[in-house]
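Only one structure is covered here, and it is reproduced in the block below.
Quick caveat, the model's predicted, so the values are computed rather than measured.
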Amino acid sequence: MNMNNLDKTENNGQPQLTIDEMYSVAVDHVNSDRYKEAEELCLAIVQQLPNHIAAINLLGRIGHKLNRHEFAAKWFQRLINIDSRNAEPYYNLGISLNELGRKDEAIHVLEIALKKDPDNGHIAGYLNGVLKLPTIFDKQKKLKEEAGENEDVVTGSNSDAGDTIWYRTDQHGTIKVSIIAWFILGYSMRNILILGVSSFRTKLPMLKEWVYLYPEFLIISIIPLMIFIVELSRLPQTKNLYTAILPNVWKYGRLLLIFNVLLDISFILNIYYQNNYDLDIFLTIFFFIDLPILIYLIFSKYIKALFKSFPDFVEKS
């Protein structure tokens with residue numbers, strides 16, 4: 001008899017929930033921070049179906065939520081014993097072991113998780129934090145090669161940034177923005193920044209007058225300003241209408257910046273044509289800065305990786 005499809009029966013006049021219904025209620029309890037009730041339901045499920053993967057995983061997650069890491073490790077290990085193909089239970093077990101102070105075991109388990117999912121920035125970022133090394137992505141590349149994958153992961157002096165700075169991840173496993181990326185954002189927002197600085201610094205009259213002379217260049221400050229705001233919000237958040245927009249803006253951030261630079265160049269060329277093929281000093285400087293930035297945005301592996309790196313949503317509590 002398949003216990004997962006039990007029909008409702010009567011027990012002392014009260015309807016008995018099916019396994020699926022019990023699990024659904026347990027998830028609702030977790031989402032409402034009623035962890036004790038959720039745990040009791042999951043234990044009841046596992047008592048009837050010892051290999052119920054979803055219930056076992058939820059028990060491990062409950063352990064994480066309540067900082068009961070011995071409890072969590074027990075259930076994540078049981079999950080691995082049932083199905084060792086996926087990286088996630090190894091990752092969660094590694095977190096529990098690390099929280100218990102069993103660092104060597106945690107590193108071993110996390111390395112298995114990374115080997116199973118070499119592209120997972122969250123696993124790499126957490127393992128990086130445990131090892132306290134800035135170049136964990138070297139290990140990712142090695143594991144990808146062992147798995148027979150051909151996709152390159154830029155490392156060492158071969159990186160577009162010229163060093164390993166872009167390999168560094170934050171506590172959420174997302175790639176940190178490097179100095180050159182901050183420069184591109186700041187440069188692209190230059191017109192808004194000029195207006196802001198000149199509003200309380202009167203020593204820049206030429207720049208301020210230049211912005212007033214070419215107000216159309218304020219348009220090209222909107223896109224990088226939007227990406228800058230998303231970067232400031234780039235951390236795990238409960239999903240709502242606002243936070244759901246952020247990953248999509250970040251996902252297309254590289255293309256938006258490329259479009260922004262092309263727009264800047266087109267404005268400059270248009271002014272060049274209207275002024276009888278003559279440019280002032282600022283436009284000339286901006287034009288020759290735009291060209292290498294455009295090339296960098298198109299070909300940089302760092303930029304491509306950066307705008308693929310965005311933290312997951314957190315569960316609504």
side-chain contact (heavy atoms from CB on, under 4.5 Å) test vs Arg34 passes for just one of Glu40, Glu39, His29, namely His29
task: Determine, for Glu231 against Lys176, whether the closest basic-nitrogen to carboxylate-oxygen distance falls under 4.0 angstrom.
output: no
Check your understanding: Between the side chains of Tyr91 and Asn120, does any donor sit under 3.5 Å from an acceptor?
Key -> no
In this structure, CD1 of Ile95 is separated from CG of Leu110 (nearest 0.5 Å) by 7.5 Å
Note: Leu58 and Cys42 closest approach over all heavy atoms is CD2-SG, 3.6 Å
Exercise. What's the verdict on side chain to side chain contact (heavy atoms under 4.5 Å, CB included) for Ile265 and Leu269, showing C-alpha distance, side-chain angles and the deciding distance?
Worked result: CA-CA 6 Å; Ile265 292 174; Leu269 292 177; 3.9 Å; yes
- Going only through I, L, V, M, F, W and Y residues with side-chain contacts under 4.5 Å, is there a path from Met22 to Val46? no
- Message: Given 3.5 Å as the limit, does a donor-acceptor pair link the side chain of Ser309 with the main chain of Ala305, or not?
- Response: no
For Leu100 and Ala73, the nearest pair of non-hydrogen atoms, with its separation, is CD1-CB, 4.5 Å
Looking only at heavy atoms, the pair that brings Phe310 and Pro247 closest together is CE2-CG, 3.6 Å
What class does the angle between the rings of Trp182 and Phe228 fall in, given that below 30° is parallel, 30 to 60° is tilted and above 60° is perpendicular? perpendicular
Tell me, do Ile245 and Val249 make a side-chain contact under 4.5 Å, heavy atoms counted? yes
Do the non-hydrogen side-chain atoms of Ile80 and Ser84 ever get within less than 4.5 Å of each other? yes
Q: Kindly say whether Tyr242 contributes a backbone atom to a donor-acceptor pair with the side chain of Asn240 at under 3.5 angstrom?
A: yes
So do Leu246 and Trp250 actually touch side chain to side chain, heavy atoms under 4.5 Å? no
Exercise for review: Would you check if the side chain of Ser300 reaches a backbone N or O of Tyr302 as a donor-acceptor pair within less than 3.5 Å?
Suggested key: yes
Rounded to the nearest 0.5 angstrom, the CD1-CD1 distance for Ile45 and Ile56 is 10.5 Å
Item checked: Audit row: Lys308, Ile303, side chain to side chain contact (heavy atoms under 4.5 Å, CB included) steps and yes/no -> CA-CA 9 Å; Lys308 289 180 180 178; Ile303 291 294; over 6 Å; no
Separation between CG (Leu257) and CD1 (Ile298), nearest 0.5 Å, reads 12.0 Å
In this structure, CD1 of Ile229 is separated from CG of Leu185 (nearest 0.5 Å) by 11.5 Å
Review point. Heavy atoms, side chains only, cut-off 4.5 Å: are Tyr296 and Ile293 in contact?
Key: no
I'd like to know if Phe259 and Met189 are part of one continuous hydrophobic network [Ile/Leu/Val/Met/Phe/Trp/Tyr, side-chain heavy atoms within less than 4.5 Å]. yes
Would His64 and Phe76 count as a ring pair (Phe, Tyr, Trp, His ring centres under 6.0 Å) if you check the C-alpha gap in whole Å, the side-chain angles of each, and the deciding distance to 0.1 Å? CA-CA 11 Å; His64 274 182; Phe76 287 130; 5.1 Å; yes
Value for CD1 (Ile220) from CG (Leu225), rounded to nearest 0.5 Å, stands at 12.5 Å
For this session: For the pair Asn260 (side chain) and Ile223 (backbone), establish whether a donor and an acceptor sit closer than 3.5 Å, ignoring hydrogens and angles.
Result: no
| message | Less than 4.5 Å apart, side chain to side chain, heavy atoms only: is that true for Asn81 and Gln77? | response | yes
key: Ion pair check, Arg102 and Glu105, cut-off under 4.0 Å   = yes
Looking only at heavy atoms, the pair that brings Leu306 and Ala181 closest together is CD2-CB, 4.3 Å
query: Between Glu88 and Leu79, is any pair of side-chain heavy atoms under 4.5 Å apart?
result: no
Next on the checklist: With a 6.0 Å cut-off (strictly less than), is the heavy-atom count around NZ of Lys304, excluding the residue itself, greater than 12?
Outcome noted: yes
- Do Arg78 and Asp83 sit within salt-bridge range, that is, some charged N less than 4.0 Å from a carboxylate O? no
Please test Ile227 against Phe307 for side chain to side chain contact (heavy atoms under 4.5 Å, CB included), starting from the C-alpha separation and ending with a verdict.
CA-CA 10 Å; Ile227 296 173; Phe307 285 105; 4.1 Å; yes
**Message:** Quick check: do Ser221 and Arg190 have side-chain heavy atoms less than 4.5 Å from each other?
**Reply:** no
Separation between CG (Asn57) and CD1 (Ile82), nearest 0.5 Å, reads 10.5 Å
Under a 4.5 Å side-chain heavy-atom rule over Ile, Leu, Val, Met, Phe, Trp and Tyr, are Ile53 and Ile19 clustered together?
no
- Query: Would a 4.5 Å heavy-atom cut-off, applied to side chains only, mark Asp290 and Tyr187 as touching?
  - Reply: yes
Closest non-hydrogen contact found for Ala72 with Ser96 is CB-OG, 3.5 Å
Here the pair of heavy atoms bringing Leu297 nearest to Arg254 is O-NE, 2.9 Å
Inset, instruction - Give the intermediate values and the outcome of side chain to side chain contact (heavy atoms under 4.5 Å, CB included) for residues Asp33 and Tyr35. - result: CA-CA 5 Å; Asp33 295 338; Tyr35 299 116; 3.0 Å; yes
Checklist entry - Would Phe286 end up clustered with Leu262 when hydrophobic side chains under 4.5 Å apart are linked, directly or stepwise? => result yes
Do Leu114 and Tyr90 belong to the same hydrophobic cluster, where Ile, Leu, Val, Met, Phe, Trp and Tyr are linked whenever their side-chain heavy atoms lie under 4.5 Å apart, directly or via other members? no
Given 3.5 Å as the limit, does a donor-acceptor pair link the side chain of Ser24 with the main chain of Glu21, or not?
no
- prompt: Do other residues, nucleotides or ligands put more than 12 heavy atoms under 6.0 Å from the CD atom of Gln47?
  reply: no
